[in-house]
Amino acid sequence: MAIAYNKRTCDCGTLRAADVGRQVILAGWVNNYRDHGDNLVFIDLRDRGGLTQCRFNVDTDPEATKLARTLRKEDCVAVRGEVIHRGENVNPKLPTGEIEVSIQEVEVLNKSLTPPFEVADHVEANEDLRLKYRFLDLRRGPMQRAIIMRHKVTQAFRTFYYNEGFLDVETPILTKSTPEGARDYLVPSRVWPGKFYALPQSPQLFKQLLMMSGFDRYMQIARCFRDEDLRADRQPDFTQVDLEMAFVDVDNVLDVVERSLAYVWKEAAGIEVPVPFRRMPYDEAMRDYGSDKPDLRYGMKLIDVTEVAGRSEFKVFRDAVERGGVVKAICLTGGGEMTRKETDGLTVEIQGVGAGGLPLCKVVSEGGKTILQTGIAKFFPEGLAGDLIAAMGAKPGDVIFFAAGRFGDVCKYLNWLRITLAERRKLVPAGKWEFLWVVDMPSFEWDEESKQWIFLHHPFTMPRDEDLPRMESDPGSVRAKCYDIVVNGVELGSGSIRIHNREVQSRLFRMLGISDEEAMAKFVHLLTALQYGAPPHGGLALGLDRIAMLLSGTDSIRDVIAFPKTQRAFCPLTECPSEVDAKQLRELGIDLAPEVKAKRKAAENEA
RNA sequence: GGGGCCGUAGCUCAAUUGGCUAGAGCAUCGGACUGUCGAUCCGAAGGUUGCGGGUUCGAGCCCCGUCGGCCUCGCCA
């Protein structure tokens, strides 16, 4: 090799004025080139560490300068030269801006085609193009920082939990399909034609088994797979910080998890987070915020105005109340300045969420009195309007938004509205981290479709001790020993204390209309293990992608995943999923459905 | 599965009410330039307006279908 690129003296972000005079070897990519004619050429060389300006002078190094002139963006090169001070020409924008390297020798390690988009910090390209050329996208500063942030988060979690005595144990990727919950990704097997493994939705059952095995503190950075529709914060394969502890109750789990989060925020991002975190019962979260993951960085609580609204002449409200529903409202301080166009726009949008409309009225001051105006104000006679204003704590200049109907629907609409208003009107304070435990969720929920009770969490979640006697008589009142950790309106993770007693587990399955035979068929390994001295245990799983996303300041987990998939679970880089050979299918004993074949043929003919 | 927004040069965008040869910035290529660092200056090249159909004298624009992307509801124990 012309230049010993395997003996780089440092990376492109480290050289300073103190290094002037040193002979250095650098390697990296051409970030930019500036050709000043016969004598002078500049190349900005970039690697993971940063940028270093390389100077080529034809008078002193004609060969190198000649070659430098042919360099283009994203060429991979190695250079050798002397660190010199820039004198009058320091660049304060660069950490290395005091120096440059006067290049004596340059070697092109590999030319680059013209990139399909500019490899620059400020990116303009569409995300799907960036995903197709992810290896180029990942060269960009913000992406490098995001991936590095993720690494720091991972490392901090490991350090913390290892220091707390947690054992890192791997669990199978090929495992058993469980039809409950999310859809499984299935894996066929040549050795077992007609049978399938499933990729784990989480290591849930295995980590419980590890507790029964006596490894009383377990953690794993675990890949999980769910074949469901995607979102900005959901990928088909994602990563959990999975943990489980034996001989614990709720407080033990919350304590160690919140300390781990505080440690990670400090270590990875330098942010101090006070512990313990606030706790809020699920009912309170739903009542005040209409959400099981409320964002506490701003106010705009939901206020129940069912009583007042029921006395109004507005038919929508009266109907809702008569049908046993609720009317709730939020007050937007200073919202009176919103234009008709803005509120009409919100109406259309909230209809997209499912609401019939967006009733509202403005609070104004007139003749020394505070009154309601516009919108549905006319349905509130003076006295009633006063009651409403008092209930809302509204002041002149505010706007009151309403939602009426079933409790769940009202929550959905006003939660959407609260979040949307906070974002649009910039009511979200920067740099604030509002951690919150949401606890005491119901164990069961009545499902209208199947006309039976279904579990809200998973079927191994322990009900609260004092609620156990009511499991059969009043299932709706049973609260679970389960907990969600939320920060700034984002659910970071959830967990529970598990059932460690076979009798309780059987009672619970019976209650849900699942026979013992059925339960055994699905969960034989767990149910059997429960009978051999299973210890009390519980745990939690944290969404690593979301944590990395929040600490990177992005709003999509795709930004902290090196090779993510699109919303339709397609990878533009590898172009997967893809078709496979007929031979592969034959070996697996699999035939495609006729309609799938027909569709494929039609697509081929078109192409 | 439902709703919304979007698709024009390699990239990001523009194109008046449906009307002349579809434009601009960046990137690319050629040339100039000794201190730039988002270099600058001069010039060139670059288009199946995602795809298919329809309406029209005339479609980037209107209509229908389809493909793809993002957001969202459902879904995600």
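- Within the nucleic acid shown, A/L129 comes within 4.0 Å of sugar-phosphate atoms alone, with no base atom in reach, counting heavy atoms only.
- Counting any heavy atom pair closer than 4.0 Å across all strands shown, A/R55 reaches a base atom.
- By the 4.5 Å heavy-atom criterion applied to side chains, A/E98 and A/R16 are not counted as neighbours.
- Distance noted for atom P between B/G19 and B/G60: 10 Å (whole Å).
- Applying the 6.0 Å contact sphere to NZ of A/K522 captures more than 12 heavy atoms from other residues, nucleotides or ligands.
- Taking the C1' atoms as reference points, B/U17 lies 15 Å from B/U56, given to the whole Å.
- Taking every side-chain heavy atom of A/R234 into account, B/C76 is the closest of B/G35, B/C76, B/G1.
- A/E491 comes within 4.0 angstrom of no nucleic acid atom, judged by non-hydrogen atoms across all strands.
- Side-chain nitrogen and oxygen atoms of A/N126 include at least one within less than 4.0 Å of the OP1 or OP2 phosphate oxygen of B/U12.
- Among the nucleotides B/C11, B/C76, B/C37, the one closest to the side chain of A/E228 is B/C76.
- Distance, A/N31 CG to B/C37 P: 14 Å, rounded to whole Å.
- Between the side chain of A/R69 and the base of B/G31, no donor-acceptor pair under 3.5 Å is found.
- Base pairing annotation: B/G35 forms no Watson-Crick or G-U wobble pair, as no partner gives both donor-acceptor distances under 3.5 Å.
- Defined by atom type and a distance below 3.5 Å, a donor-acceptor pair is present between the side-chain atoms of A/D184 and A/Q201.
- Counting non-hydrogen atoms under 4.0 angstrom, A/R558 reaches the backbone sugars and phosphates but no base.
- Of the listed nucleotides (B/C70, B/G35, B/G10), B/C70 has the atom at the smallest distance from the side chain of A/T566.
- The distance from atom NZ of A/K565 to atom C1' of B/C70 is 18 Å, rounded to the nearest whole Å.
- A/R86 contributes a side-chain N or O that forms a donor-acceptor pair with the base of B/U36 under 3.5 Å.
- A distance cut-off of 5.5 Å between ring centres, combined with a plane angle under 30°, places A/F42 in a stacking arrangement with the base of B/U36.
- With rounding to whole Å, A/H36 atom NE2 is found 10 Å from B/U34 atom P.
- Taking atom CD of residue A/Q204 and atom P of nucleotide B/C76, one finds them 16 Å apart after rounding to whole Å.
- In the set B/U34, B/C73, B/C76, B/C73 carries the atom at the smallest distance from any side-chain atom of A/R231.
- The base-pairing partner of B/C70, taking Watson-Crick or G-U wobble contacts with both distances under 3.5 Å, is B/G4.
- The aromatic rings of A/F509 and A/F523 lie parallel to each other, with less than 30° between the two planes, well short of the 60° mark.
- Both distances falling under 3.5 Å, in either a Watson-Crick or a G-U wobble arrangement, place B/C62 opposite B/G54.
- We find that CD1 of A/I350 is positioned 12 Å from C1' of B/C73, with the value rounded to whole Å.
- For A/E100, taking side-chain heavy atoms from C-beta onward, the closest of the listed nucleotides B/G38, B/C71, B/G35 is B/G35.
- Within the 4.0 angstrom heavy-atom criterion, no nucleotide atom of any strand lies near A/A120.
- No engagement by A/D233 is indicated, since no non-hydrogen atom pair under 4.0 Å with the nucleic acid exists.
- Across all strands shown, A/P116 has heavy atoms under 4.0 Å from sugar-phosphate atoms exclusively, and none from any base.
- A distance of 8.0 Å separates OG1 in A/T96 from CG in A/N91, rounded to the nearest 0.5 Å.
- Between A/Q567 and A/N39, the residue whose closest nucleotide on RNA chain B is further toward the 5' end is A/N39.
- When the side-chain nitrogen and oxygen atoms of A/Q53 are compared with OP1 and OP2 of B/U36, none of them lie within a distance under 4.0 Å.
- The distance from atom CZ of A/R424 to atom C1' of B/C71 is 11 Å, rounded to the nearest whole Å.
- Taking only side-chain nitrogens and oxygens, A/Y33 comes nearer than 4.0 Å to OP1 or OP2 of B/U28.
- Within 6.0 Å of CZ in A/R48 there are 12 or fewer heavy atoms belonging to other residues, nucleotides or ligands.
- The side chain of A/E127 lies closest to B/C70 when the candidates are B/C70, B/C73, B/C11.
- Of the side-chain N and O atoms in A/K73, none sit less than 4.0 angstrom from OP1 or OP2 of B/U28.
- Side-chain atoms of A/D229 come within donor-acceptor range of the base of B/G74, with a qualifying N/O pair under 3.5 Å.
- For the P atom pair drawn from B/U48 and B/G2, the interatomic distance equals 33 Å after rounding to whole Å.
- When both distances must be under 3.5 Å, the Watson-Crick or G-U wobble mate of B/C26 is B/G10.
- Side chains of A/S202 and A/Q240: a donor-acceptor N/O pair is absent below 3.5 angstrom, by distance only.
- Backbone-only contact: A/L456 has heavy atoms under 4.0 Å from sugar-phosphate atoms and none from a base.
- Residue A/E118 places no side-chain atom within donor-acceptor reach of the base of B/G10, judged by atom type and a 3.5 Å distance cut-off alone.
- Summarising the geometry, the separation between CH2 on A/W416 and P on B/G3 is reported as 17 Å, rounded to the nearest angstrom.
- Under the salt bridge (charged side-chain N to carboxylate O under 4.0 Å, His left out) criterion, the residue pairs touching residues 484-501 of chain A are A/E244-A/R498, with sequence neighbours excluded.
- Note on A/D227: nothing from the nucleic acid sits closer than 4.0 angstrom, heavy atoms only.
- In this structure, A/R568 does not reach the B/C71 phosphate: none of its side-chain N or O atoms is under 4.0 Å from OP1 or OP2.
- At most 12 heavy atoms of other shown residues, nucleotides or ligands fall within 6.0 angstrom of atom CG in A/D555.
- Side-chain nitrogen and oxygen atoms of A/R34 include none within less than 4.0 Å of the OP1 or OP2 phosphate oxygen of B/C33.
- Atoms CD (A/E445) and P (B/C76) sit 10 Å apart, rounded to a whole Å.
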